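All values reported here derive from a predicted model rather than from experimental measurement. Just so you know, these numbers use all the heavy atoms, side chains as well, and skip hydrogens, waters and symmetry mates.
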Amino acid sequence: MTDTSGPAPIRVLIADDQRVVREGLSMLVALIDDVEVVGVAGDGAEAVRLAEIHRPDVILMDLRMPDLDGIAATGLLRERLPLSRVLVLTTYADEDAIVPALRAGARGYLTKDASAEQIEAAIHAVHAGQTHLDPAVQERLVAAVIRSPDPAELAGPGTGGRETQEGRETQEGRDARKLPDGLTAREAEVLALLASGLSNAEIGQRLYLSHATVKTHINRIFAKTGARDRAQAVRYAYQHGLTAPGE
């Protein structure tokens with residue numbers, strides 16, 4: 001007797017804190033012939049709990065969720081269910097979201113403007129063990145790598161790239177010593193562009209950051225510097241020598 005049954009469907013779990021998004025994705029993914037939706041979760045903790053129950057092949061994971069966010073949930077899933085592969089599907093496509101998500105173990109990264117065909121292709125690719133990145137995400141990731149310092153430079157001259165006491169210091173540590181009031185290197189970069197007169201949208205375009213991420217950085221800058229508005233932040237940037245070159 002010949003077995004005419006086909007391969008088992010790809011089991012997918014969907015995690016998103018917005019109900020309308022969860023339901024829409026569930027209906028869309030269920031239309032894919034060889035895919036089965038085995039559960040939906042409203043936050044990262046529920047995603048981990050349901051994944052341990054249903055053992056999905058692929059988890060469509062939002063990033064910004066209450067209680068336990070998508071990055072933390074991805075890290076837990078990599079430890080507990082290494083055979084379940086996470087495909088990020090989020091609004092955010094800046095390096096502050098992309099890099100931590102990939103480091104946590106995500107095998108794919110799409111933004112929510114992806115088409116049904118792109119989501120289907122990404123599910124199949126991730127299920128097959130491949131890495132699948134949205135083209136815009138790839139571009140931002142390459143830009144982030146290009147901006148990163150050479151590790152040999154961090155070791156200092158004359159060390160031949162070998163680790164020394166100075167060489168073990170990270171770039172973040174060096175920046176923390178140079179920057180006032182606990183500003184991070186990224187916040188200083190945003191502040192310099194703000195001081196040069198760029199709008200939030202222009203800062204986002206320059207640094208490949210989403211509008212929401214730029215606003216978050218600016219709010220943190222205001223909190224750390226005590227600035228109440230952009231004018232005070234600009235004054236602070238000039239007082240502390242944090243303006244962009246040529247300003």
K.L.:
Is I14 linked to L76 within one hydrophobic cluster, defined over Ile, Leu, Val, Met, Phe, Trp and Tyr using a side-chain heavy-atom separation of less than 4.5 Å?
P.N.:
no

K.L.:
Decide whether V20 and L28 are clustered together by the hydrophobic rule: side chain heavy atoms of Ile, Leu, Val, Met, Phe, Trp, Tyr closer than 4.5 Å, transitively.
P.N.:
yes

K.L.:
Going from CG on D16 to CG on D62, what distance comes out if it is rounded to the nearest 0.5 angstrom?
P.N.:
4.0 Å

K.L.:
If I take atom OG1 from residue T90 and atom CE from residue M65, how far apart are they, to the nearest 0.5 angstrom?
P.N.:
9.0 Å

K.L.:
Taking the side chain as everything from C-beta on, heavy atoms only, tell me whether L60 gets closer than 4.5 Å to V29.
P.N.:
yes

K.L.:
Compare every heavy atom of P56 with every heavy atom of S84, then report the nearest pair and how far apart it is.
P.N.:
OG-O, 2.6 Å

K.L.:
Please find the pair of heavy atoms, one from L89 and one from T111, that lie closest to each other, and give the distance.
P.N.:
CD1-O, 3.5 Å

K.L.:
Count I, L, V, M, F, W, Y as connected when their side-chain heavy atoms are under 4.5 Å apart, and connections chain through other members. Are I71 and L102 then in the same cluster?
P.N.:
yes

K.L.:
Is there a path of hydrophobic side-chain contacts, each under 4.5 Å between heavy atoms, that joins V38 and I32?
P.N.:
no

K.L.:
Does the pair R22/D17 count as a salt bridge with the N-to-O cut at 4.0 Å?
P.N.:
no

K.L.:
Please round to the nearest 0.5 Å and tell me the distance separating atom CG of D134 and atom CD of Q118.
P.N.:
6.5 Å

K.L.:
Quick one, D57 and V12 - any side-chain contact, counting heavy atoms below 4.5 Å?
P.N.:
no

K.L.:
Does the side chain of E52 come within less than 4.5 Å of L81's, by heavy atoms?
P.N.:
yes

K.L.:
Minimum heavy-atom separation for A233 to A227, with atom names?
P.N.:
N-CB, 3.6 Å

K.L.:
Is I98 close to Y109 at the side-chain level, that is, under 4.5 Å between some pair of heavy atoms?
P.N.:
yes

K.L.:
Can you hop from L25 to V35 via hydrophobic side chains spaced under 4.5 Å?
P.N.:
yes

K.L.:
Salt bridge or not for D43 and R64, using N-O below 4.0 Å?
P.N.:
no

K.L.:
What verdict does the side-chain contact (heavy atoms from CB on, under 4.5 Å) test give for L13 and V40, after you've listed the backbone C-alpha separation in whole Å, the side-chain angles of each residue and the deciding distance to 0.1 Å?
P.N.:
CA-CA 6 Å; L13 175 70; V40 293; 5.8 Å; no

K.L.:
Would you indicate whether the side-chain heavy atoms of I123 and I10 approach each other to under 4.5 Å?
P.N.:
yes

K.L.:
Of all the heavy-atom pairs spanning M61 and A73, show the shortest one and how long it is.
P.N.:
CE-CB, 3.8 Å

K.L.:
How about H124 and D34: does a side-chain donor come under 3.5 Å of a side-chain acceptor?
P.N.:
yes

K.L.:
Kindly determine whether R186 and L207 satisfy side-chain contact (heavy atoms from CB on, under 4.5 Å), including the steps that lead there.
P.N.:
CA-CA 9 Å; R186 173 62 84 192; L207 300 180; 3.6 Å; yes

K.L.:
Shortest non-hydrogen contact from D69 to L63?
P.N.:
CB-O, 3.2 Å

K.L.:
In Å, rounded to the nearest 0.5 Å, how long is the span from CD1 of I203 to NZ of K215?
P.N.:
13.0 Å

K.L.:
Are more than 12 heavy atoms, taken from residues, nucleotides or ligands other than D33, located less than 6.0 Å from that residue's CG atom?
P.N.:
no

K.L.:
Below 4.0 angstrom, N of the basic side chain to O of the carboxylate: do R19 and E23 qualify?
P.N.:
yes

K.L.:
Given 3.5 Å as the limit, does a donor-acceptor pair link the side chain of R11 with the main chain of E36, or not?
P.N.:
no

K.L.:
To the nearest 0.5 Å, what is the distance between CZ (R235) and NE2 (H240)?
P.N.:
12.5 Å

K.L.:
Got Q130 and V126 here, is their nearest side-chain heavy-atom distance under 4.5 Å?
P.N.:
no

K.L.:
Between R230 and I218, is there a side-chain heavy-atom distance shorter than 4.5 Å?
P.N.:
yes

K.L.:
Determine whether L193 and R206 satisfy the following criterion, side-chain contact (heavy atoms from CB on, under 4.5 Å), listing intermediate values before the conclusion.
P.N.:
CA-CA 9 Å; L193 294 176; R206 182 76 63 87; 3.6 Å; yes

K.L.:
Output, in order, the C-alpha distance, side-chain angles, deciding distance and verdict of side-chain contact (heavy atoms from CB on, under 4.5 Å) for V21 and K112.
P.N.:
CA-CA 10 Å; V21 175; K112 286 183 178 176; 4.1 Å; yes

K.L.:
Is the backbone N or O of I59 less than 3.5 Å from a side-chain atom of R85, with the two atoms forming a donor-acceptor pair by type?
P.N.:
no

K.L.:
Between E187 (side chain only) and H217 (backbone N and O only), is there a donor and an acceptor less than 3.5 Å apart?
P.N.:
no

K.L.:
Does one side chain, of T213 or S210, offer a donor that lies under 3.5 Å from an acceptor on the other?
P.N.:
yes

K.L.:
Provide the closest heavy-atom pair for A122 versus L110 in the form atom of the first, atom of the second, distance.
P.N.:
CB-CD1, 3.6 Å

K.L.:
How long is the gap from CD on Q239 to CD on Q232, to the nearest 0.5 Å?
P.N.:
10.0 Å

K.L.:
Can you tell if the side chain of T225 reaches within under 4.5 Å of the side chain of L183, non-hydrogen atoms only?
P.N.:
yes

